[in-house]
Amino acid sequence: MSAGPTAGRGAGAWLTPLVVLAALLAAAGLLGLWRSWWWALLGAGFVLVVLAAEGASRRLPFRFQTPFERALAWLFPLLVLAAWEWLSTSGVLNPRWFPPPSRILGALWDLTINYDRFSGTSLVGRPWLIPARLAEQGWPGVVALFNESHVWATLSRVIIGFALGAVPALLVGMVMGLNRTVRTMLDSTMSAIYVLPKIAIFPILMLVFPDPFGEGPKVTVVAISAFFLVALSTMAGVQGIDKVLLQAGRNFGANRWQMLRHVILPGALPIVFNGLRLALGTALIVIVAVEFVRAKTGVGYLVYYHWQVLGTPKMYAALLVVMVLGVGLTALLQLVERLAMPWRR
Amino acid sequence: MTPKIVAVKATKRYPSKAGMVTALEGFDLEVAEGEFVCLVGPSGCGKSTFLRILAGLDDLTAGEARIVPGADPRRPLNNVVFQEYAVFPWKTVRDNVAFGLQMRGLGKAERYAVVERWLSKVGLKRFADYYPSQISGGMKQRVSIARALANDPEVLLMDEPLGALDAQTRAVLQEELLRIWEETHKTVLYVTHSIEEAVLLGDRVVLMTAHPGTKKSEFVVDLPRPRDLATTATPEFAALTGAIWEDLRDEVRRAMEAQA
């Protein structure tokens with residue numbers, strides 16, 4: 001078997017789709033098909049790119065497979081962004097609703113470095129001013145910087161609310177998992193409240209708190225959202241422990257406390273963390289929604305405000321910040337998860 | 001010899017949707033100190049139920065089933081080797097084997113010293129810091145056996161411990177069990193559905209019938225010790241397993257029909 005034809009066919013496998021793609025796009029451009037046939041061209045383009053990537057992957061030696069897949073995971077989103085940029089600047093996409101990514105990045109830069117005098121806020125609280133403020137005004141100056149930050153406002157609501165909800169939920173869920181009577185009493189009620197969108201009880205919370213527009217109702221609605229998810233998944237985690245492990249624990253003389261510490265807690269942990277991850281995501285959804293309607297700070301407020309004034313690049317920039325917050329918080333939780341459960345890798 | 005396990009008219013009934021089910025009916029058994037007794041019977045004959053009752057994981061409805069305590073009150077009465085291994089996924093091999101000792105409040109250095117000995121006896125020394133998910137089923141069952149032995153109970157209760165393993169691994173572990181038993185001469189109650197396994201390992205094989213579970217007959221295994229897999233090739237072994245099978249065959253057939 002000679003290497004020549006194999007290599008030739010291999011090159012064709014990834015080159016041909018790309019050539020076809022280029023020809024297709026050029027022809028569509030020349031004939032002015034883009035405006036009405038963009039969806040078909042997009043679909044065909046995607047298929048051709050997949051074919052090209054698969055052809056290239058088949059031709060690569062084994063040791064390049066993993067780096068290639070990693071590159072693919074990064075390159076494809078970049079390709080999408082490039083396509084978006086091009087479609088938006090060429091006017092196929094209405095740049096008012098879909099501004100090119102370059103302008104969104106510019107808006108994000110604007111939001112980051114600038115202080116909004118009108119509302120007295122900035123995106124991240126201008127941390128580069130911390131040394132100067134500390135020298136001029138001491139710690140109160142630094143606190144003021146934190147207070148002007150939209151990111152910090154959202155982050156603190158999510159973290160405080162999440163902690164206030166998740167910690168009691170762990171206890172309640174544990175008791176529900178262990179005690180049949182408590183479980184029978186609470187399960188139906190909890191499941192009923194669980195399906196209720198917690199944002200719907202926000203008006204009641206505003207009435208309950210002395211300052212309806214303050215932080216109280218916002219943190220509480222996050223806490224309540226997290227509570228039910230974490231409590232029910234903790235219960236499921238405790239109940240889901242393999243019965244034979246409980247029997248082994250008892251047979252080897254574990255007392256109640258030792259059972260909890262050595263068998264039940266670690267046994268429930270995987271599903272508990274599932275619940276925590278879901279609760280964290282929900283907390284972010286809820287807080288952004290609340291900030292849409294009742295806040296003067298926070299990333300959700302930023303999204304909504306720039307929608308109201310039709311500043312779509314800044315709106316997208318704020319959405320981007322929400323995504324970064326979500327990814328960052330999830331990564332943090334995953335780190336805790338890895339540290340808490342070294343046996344699962 | 002002093003009896004270590006005593007059961008007199010042990011009876012277990014439990015309610016189910018089809019009415020009361022009798023799992024065990026008037027079951028008598030006596031196991032002497034240092035004896036290796038195998039319980040054999042068709043599935044549903046209550047052999048595992050009896051073992052779980054002795055282990056304190058289930059209650060009797062009537063009669064008596066107990067383990068006679070030894071001279072040292074701190075020594076645990078029994079420990080179980082489960083068919084499903086029941087090793088804790090969140091503990092390393094070392095901490096799994098140390099579990100019973102840890103529950104009894106032994107310090108780290110003390111229990112690890114004991115554990116180290118048992119780990120080398122079952123050939124797991126290299127895997128001491130592994131988690132169960134990183135080792136094979138055969139090794140997990142070794143962990144489970146070492147965990148029970150390290151706790152040094154008066155009686156070792158084994159509930160079809162090799163039932164979930166493939167034939168080759170089972171053979172290897174049978175020889176390991178024989179070797180370990182030669183060293184320790186522990187009192188063992190061993191539940192299995194394999195006649196060959198029972199004859200290879202046990203001093204005595206107790207046959208049980210199903211519906212209700214009770215003792216049918218028993219056979220003394222007078223094959224010389226120490227035994228190994230070569231024992232299974234002797235004519236004496238074949239004669240004994242053949243005789244037991246003669247006795248059990250109708251029972252198994254009846255149990256199958258009852259389940260159908």
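Labels below follow one simple rule: chain letters A, B, ... track the order of the sequence lines, proteins then strands, and each chain is numbered from 1.
Minimum interatomic distance between A:Ala248 and B:Phe99 (heavy atoms only, all atoms of both residues): O-CE2, 4.4 Å.
For A:Phe68, the CZ atom is densely surrounded, since the number of other residues' heavy atoms within 6.0 Å is greater than 12.
In terms of heavy-atom pairs under 4.5 angstrom with chain A, the leader among B:Val87, B:Leu57, B:Leu157 is B:Leu57. The most heavy-atom pairs under 4.5 Å with chain A, out of B:Pro89, B:Ala55, B:Gly100, B:Gly56, come from B:Pro89.
Judged as a side chain to side chain contact (heavy atoms under 4.5 Å, CB included), and not counting sequence neighbours, A:Leu171 has no contacts.
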Using a plain distance cut of 3.5 Å, could you tabulate donor-acceptor pairs between chain B and chain A?
| from | atom 1 | to | atom 2 | distance (Å) |
| --- | --- | --- | --- | --- |
| B:Arg52 | NH1 | A:Gln247 | OE1 | 3.1 |
| B:Asn78 | OD1 | A:Asn251 | ND2 | 2.8 |
| B:Asn79 | ND2 | A:Asn251 | O | 3.1 |
| B:Asn79 | ND2 | A:Asn251 | OD1 | 3.3 |
| B:Val80 | N | A:Asn251 | OD1 | 2.8 |
| B:Trp90 | NE1 | A:His262 | O | 2.6 |
| B:Lys91 | NZ | A:His262 | ND1 | 3.0 |
| B:Met103 | O | A:Gln258 | NE2 | 3.1 |

